[in-house]
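Numbers restart at 1 for each chain; the letters A, B, ... are given by sequence-line order, proteins then strands. In what follows, every heavy atom counts, from backbone to side chain, and hydrogens, waters and symmetry copies are set aside.
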Protein chains: 2
Amino acid sequence: MTDNQTVRALLADLPAGVVVTDPDVIERYAHDDAEWAPYELPAALVRPTTVEQVRAVVARCAEFGTPIVPRGSGTGLSGGANALAGSVVLSTEAMNAIVEINPQEHLAVVQPGVINEDLRKAAAEHGLWYPPDPASAPWSSLGGNVATNAGGLCCVKYGVTRDYVLGLQVVMGRGEVVRLGRRTAKGVAGYDLCGLLVGSEGTLGVITEITLRLRPARQGAEHTVVGYFDSLPAAGRAVAAVTEAGIVPSALELIDRHCLTAVDQWKNMGLSDEADVLLLGRSDLPGEAGEQEAEAMLRCFEAGGATWSARSTDPVEAEALFSARRLAYPALERLGPVLTEDVCVPRARVADMLAKIDATAREHDVHIANIAHAGDGNLHPLIITPVGDDAARLRAQRAFESIVDDAIAMGGTVTGEHGVGLLKRRGLHRELDPAVVAMHHAVKNALDPLGIFNPGKVFGDPAEPAH
Amino acid sequence: MTDNQTVRALLADLPAGVVVTDPDVIERYAHDDAEWAPYELPAALVRPTTVEQVRAVVARCAEFGTPIVPRGSGTGLSGGANALAGSVVLSTEAMNAIVEINPQEHLAVVQPGVINEDLRKAAAEHGLWYPPDPASAPWSSLGGNVATNAGGLCCVKYGVTRDYVLGLQVVMGRGEVVRLGRRTAKGVAGYDLCGLLVGSEGTLGVITEITLRLRPARQGAEHTVVGYFDSLPAAGRAVAAVTEAGIVPSALELIDRHCLTAVDQWKNMGLSDEADVLLLGRSDLPGEAGEQEAEAMLRCFEAGGATWSARSTDPVEAEALFSARRLAYPALERLGPVLTEDVCVPRARVADMLAKIDATAREHDVHIANIAHAGDGNLHPLIITPVGDDAARLRAQRAFESIVDDAIAMGGTVTGEHGVGLLKRRGLHRELDPAVVAMHHAVKNALDPLGIFNPGKVFGDPAEPAH
């Protein structure tokens with residue numbers, strides 16, 4: 001068998017422990033955190049510790065035509081790291097060194113297995129800050145963040161992962177090790193192949209080193225503004241008012257009553273007694289300007305029709321409210337499997353989209369809770385089904401596709417920050433013109449001519465199995 | 001002849017006036033502003049007014065295998081818009097409508113011929129701001145800015161053109177009209193083909209519409225900090241001190257004594273009596289925070305060894321100093337042809353690189369003046385030669401290549417913001433690994449399979465003629 005041939009060769013090529021074939025271990029590395037995304041058992045898991053080992057794995061897989069499924073920490077929500085039968089899952093978790101933090105150049109060089117939050121802590125020791133803050137920051141790796149172009153709470157002001165990737169070292173499809181991008185603040189020498197690799201979800205190569213732009217650490221505390229609303233349209237009006245007022249908050253998050261109730265049932269915070277919808281805004285402008293911006297945001301919340309709103313002057317209280325935001329997802333997971341949506345719509349359509357989602361929940365008889373990076377129109381409808389209820393699962397999957405279609409109809413995108421993986425492939429084909437999909441295939445064939453990297457993902461035919 | 005066949009077909013396909021064959025007009029459109037970059041006379045100039053006309057031109061050129069040289073306003077400094085014999089120059093200047101400015105979504109939709117400054121003015125009427133500000137902003141088009149990923153003074157804080165391009169409409173190599181990117185704040189559906197087109201210097205397609213991210217207009221005046229230095233190393237120390245202090249200025253520009261002298265000879269501003277090197281910093285933080293940042297920058301200038309430094313509280317005086325920055329280039333052009341460099345080095349190496357440039361000027365017996373976006377390490381050594389002095393021209397060209405090599409040796413890039421065009425092709429091949437150049441060719445062949453877009457530019461063999 002081809003895969004056994006590959007595995008035998010890899011076992012011979014690589015130091016003991018790098019190639020794993022234990023079925024129990026392999027099963028744990030065969031999928032990410034996406035609910036109901038299909039996966040199969042790979043032929044082996046490899047955990048290289050050096051770029052030379054990565055190169056050796058890619059060269060062997062190229063030789064035998066064996067698919068490689070690159071994997072960070074497996075916290076993805078679209079099935080992008082799900083394995084195919086006979087494939088090699090290449091986990092970068094063991095390449096986890098912070099190579100350099102450079103206060104002169106405001107940059108860091110890291111291996112792909114470094115956990116997002118570990119870099120944030122290390123940067124802070126040098127007075128620097130790595131902004132991208134996906135909710136998975138305590139567990140997700142920077143390699144995975146780069147491969148999916150991860151977002152987070154502070155993107156509304158500070159942009160997404162791609163905005164911080166200066167350079168990459170990548171092992172490409174014939175085992176070539178290349179450096180893309182640069183270490184300088186600017187540069188336009190040739191195509192932006194570095195940016196092309198960011199968000200390519202493991203379909204073009206394996207990232208083995210990342211040069212990241214850092215910012216100076218922010219000074220002083222953020223100002224938090226809290227708004228309670230009795231309807232989603234009212235909260236949506238408040239969000240639109242913030243943008244129209246020319247405010248760029250450092251976070252603007254929405255949590256609906258389903259999330260608040262789930263958090264209350266778990267942590268007894270009493271939030272759902274107070275509000276149907278909670279908006280949390282933040283300003284990080286320094287000094288007086290931050291206070292003024294927080295005041296201006298407060299007036300936007302009031303103008304939207306908040307039933308109660310206030311600037312939270314108590315940092316403990318502010319932190320508690322943001323912890324409700326973070327607890328929403330695990331609180332809902334206690335109720336059953338959660339199918340996570342990730343559509344992004346124009347900011348002014350947030351209220352319309354939330355109303356549509358409400359209608360979709362009723363139409364398909366499913367329970368949908370909403371958290372949203374409201375400030376940039378990125379919604380995470382969370383579709384919860386009872387454990388083992390197959391009929392509910394089918395209804396949930398139909399609701400998922402319905403939300404995707406509604407987002408496209410509103411001029412939005414099927415995925416704001418989680419990536420296409422397996423779950424959004426139909427949506428991608430709905431969103432992109434066939435000529436643009438053809439461009440994707442052309443680029444893929446040009447850079448991965450043997451087709452070994454993560455086959456079937458992202459723009460593969462969703463009607464076919466993943467491989 | 002192939003080209004006549006193409007021109008005959010285009011004359012039949014397109015409305016009167018769109019296809020121009022008058023040799024006097026064509027001569028003016030045969031090159032950009034790059035000094036001594038080779039060019040030839042094209043077979044025709046076309047000035048389409050609609051995307052359908054662009055599509056028709058590309059389809060005809062694809063049919064006959066005729067090269068297309070896309071052109072914005074022709075203000076480029078690398079020869080990227082220089083014509084080949086028999087080619088069709090496609091100028092987008094007649095597609096100059098601002099389609100939409102949207103305060104709800106903080107975006108603008110423009111045709112490629114819109115002049116940078118015209119968008120800035122139109123955005124300002126809606127309380128919005130388009131940051132990228134190349135020195136050519138009063139004359140350069142947004143299509144050209146996107147094709148070269150143009151920079152400017154405020155990139156040090158606000159990034160380059162690519163950071164503002166949300167979406168593009170492009171006519172690709174077989175006449176397909178595609179939309180890349182999006183209108184939403186975030187999105188990760190597929191490869192970043194939009195970002196790939198940005199900075200591709202007309203080698204992949206013709207941009208026919210651009211969706212640009214805007215920011216809220218800045219409130220209040222910027223604070224200007226002025227530093228006089230008696231040596232380049234001292235000014236370089238001040239620049240490094242600013243970065244290390246965690247300051248992100250909204251501009252940090254360096255002007256050397258050669259520029260100051262040229263400006264004085266023209267405008268009699270008396271600057272060169274005061275300083276050998278002038279540093280101009282700006283802070284645009286609102287309120288008190290801006291004053292504090294300006295004070296902190298002032299202390300960095302002093303720590304670097306400024307002979308005199310001050311916060312300019314008089315906006316007229318501050319504007320006069322920045323006008324000296326803007327006047328440097330035309331002032332030098334009065335002295336003879338100016339060969340413009342555009343290397344970018346790590347910030348901490350600015351002083352070293354300036355010292356190297358000084359040594360290069362002596363070694364090659366040429367006159368080199370320096371202006372620099374010092375805050376991001378982007379230097380513009382300007383090599384001035386007497387009119388008609390062929391020996392000096394050869395020495396200048398050798399100095400140009402020597403500076404490129406020194407920038408690479410310092411971990412820099414051969415072009416920070418002007419693009420590769422023709423003049424930096426040797427440099428690009430010095431900077432990029434052959435495997436990375438091969439990736440460029442693969443992407444080019446994948447997306448422009450007939451090879452009709454701007455052949456020979458960017459990564460073409462610099463030893464060969466441009467075509």
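- For chain A, the nearby part of B/Leu180 is the side chain; its heavy atoms alone come within less than 4.5 Å.
- Residue contact with chain A, scored on non-hydrogen atoms closer than 4.5 Å, is absent for B/Leu128.
- Of the two parts of B/Pro286, the backbone and the side chain both hold a non-hydrogen atom closer than 4.5 Å to a non-hydrogen atom of chain A.
- In terms of non-hydrogen atom pairs under 4.5 Å with chain A, the most contact-rich of B/Val458, B/Val345, B/Val414 is B/Val345.
- Proximity to chain B (any heavy atom under 4.5 Å) is shown, for A/His441, by neither the backbone nor the side chain.
- Residues A/Thr413 and B/Ala189 share a closest heavy-atom pair of OG1-CB, 3.7 Å.
- There is no contact between B/Gln219 and chain A, counting heavy-atom distances below 4.5 Å.
- Annotation: the span from A/Gln104 atom CD to B/Arg347 atom CZ amounts to 11.0 Å, rounded to 0.5 Å.
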* Do A/Val188 and B/His418 pass the side-chain contact (heavy atoms from CB on, under 4.5 Å) test, and can you show the C-alpha distance, the side-chain angles, and the key distance before you say yes or no? -> CA-CA 7 Å; A/Val188 290; B/His418 291 172; over 6 Å; no

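- For chain A, the option among B/His106, B/Arg182, B/Glu176 with the highest count of heavy-atom pairs below 4.5 Å is B/His106.
- Both the backbone and the side chain of A/Pro346 come within less than 4.5 Å of a heavy atom in chain B.
- Contacts of B/Glu105 with chain A are made by both backbone and side-chain atoms, with heavy-atom separations under 4.5 Å.
- In this structure, chain B has no heavy atom under 4.5 Å from any part of A/Glu293.
- Residue pairs meeting the salt bridge (Lys or Arg N to Asp or Glu O under 4.0 Å) criterion with at least one partner in residues 146-165 of chain A, sequence neighbours excluded, are A/Lys157-A/Asp284, A/Arg162-B/Asp192.
- Here the closest heavy-atom approach between residue B/Gly190 and residue A/Leu428 is recorded as N-CD1, 3.6 Å.
- Residue with the most contacts toward chain A among B/Ala217, B/Ala435, B/Gly187: B/Gly187 (heavy-atom pairs, distance under 4.5 Å).
- Judged as a ring pair (Phe, Tyr, Trp, His ring centres under 6.0 Å), and not counting sequence neighbours, the contacts of A/His440 are A/Phe459, B/Tyr191.
- Only the side chain of A/Cys155 comes within less than 4.5 Å of a heavy atom in chain B; its backbone stays farther off.
- Looking at A/Thr203, both its backbone and its side chain come within 4.5 Å of chain B, counting heavy atoms on both sides.
- When each of A/Gly287, A/Ala348, A/Gly195, A/Gly199 is scored by its heavy-atom pairs under 4.5 Å with chain B, the top score falls to A/Ala348.
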* Evaluate side-chain contact (heavy atoms from CB on, under 4.5 Å) for B/Arg179 paired with A/Asp433, printing each intermediate quantity in order. => CA-CA 8 Å; B/Arg179 287 199 175 273; A/Asp433 190 87; over 6 Å; no

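- Both the backbone and the side chain of A/Val436 come within contact range of chain B, each with at least one heavy atom under 4.5 Å from a heavy atom of that chain.
- Across B/Arg183, B/Lys444, B/His126, B/Met439, the residue that shares the most heavy-atom pairs under 4.5 angstrom with chain A is B/Met439.
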* To do: Verify side-chain contact (heavy atoms from CB on, under 4.5 Å) between B/Lys186 and A/Val160, making sure each step is shown before the conclusion.
  => CA-CA 8 Å; B/Lys186 292 156 74 181; A/Val160 293; 4.1 Å; yes

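- Distance check, rounded to the nearest 0.5 Å: CG of B/Leu432 to CG of A/Leu193 gives 8.5 Å.
- Only the side chain of B/Glu431 comes within contact range of chain A, with at least one heavy atom under 4.5 Å from a heavy atom of that chain.
- Using a 4.5 Å cut-off between heavy atoms, A/Ala240 does not touch chain B at all.
- One distance of note links CD of B/Glu288 with CD of A/Glu288; it measures 5.5 Å at 0.5 Å rounding.
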* **A/Asn378/B/Thr184 under side-chain contact (heavy atoms from CB on, under 4.5 Å): CA gap, chis, key distance, verdict** => CA-CA 9 Å; A/Asn378 189 192; B/Thr184 51; over 6 Å; no

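- Among B/Asn149, B/Leu204, B/Val248, B/Leu196, the residue with the largest count of heavy-atom pairs under 4.5 Å with chain A is B/Leu204.
- By number of non-hydrogen pairs under 4.5 angstrom with chain A, the leading residue of B/Gly246, B/Ala289, B/Ala446, B/Gly416 is B/Gly416.
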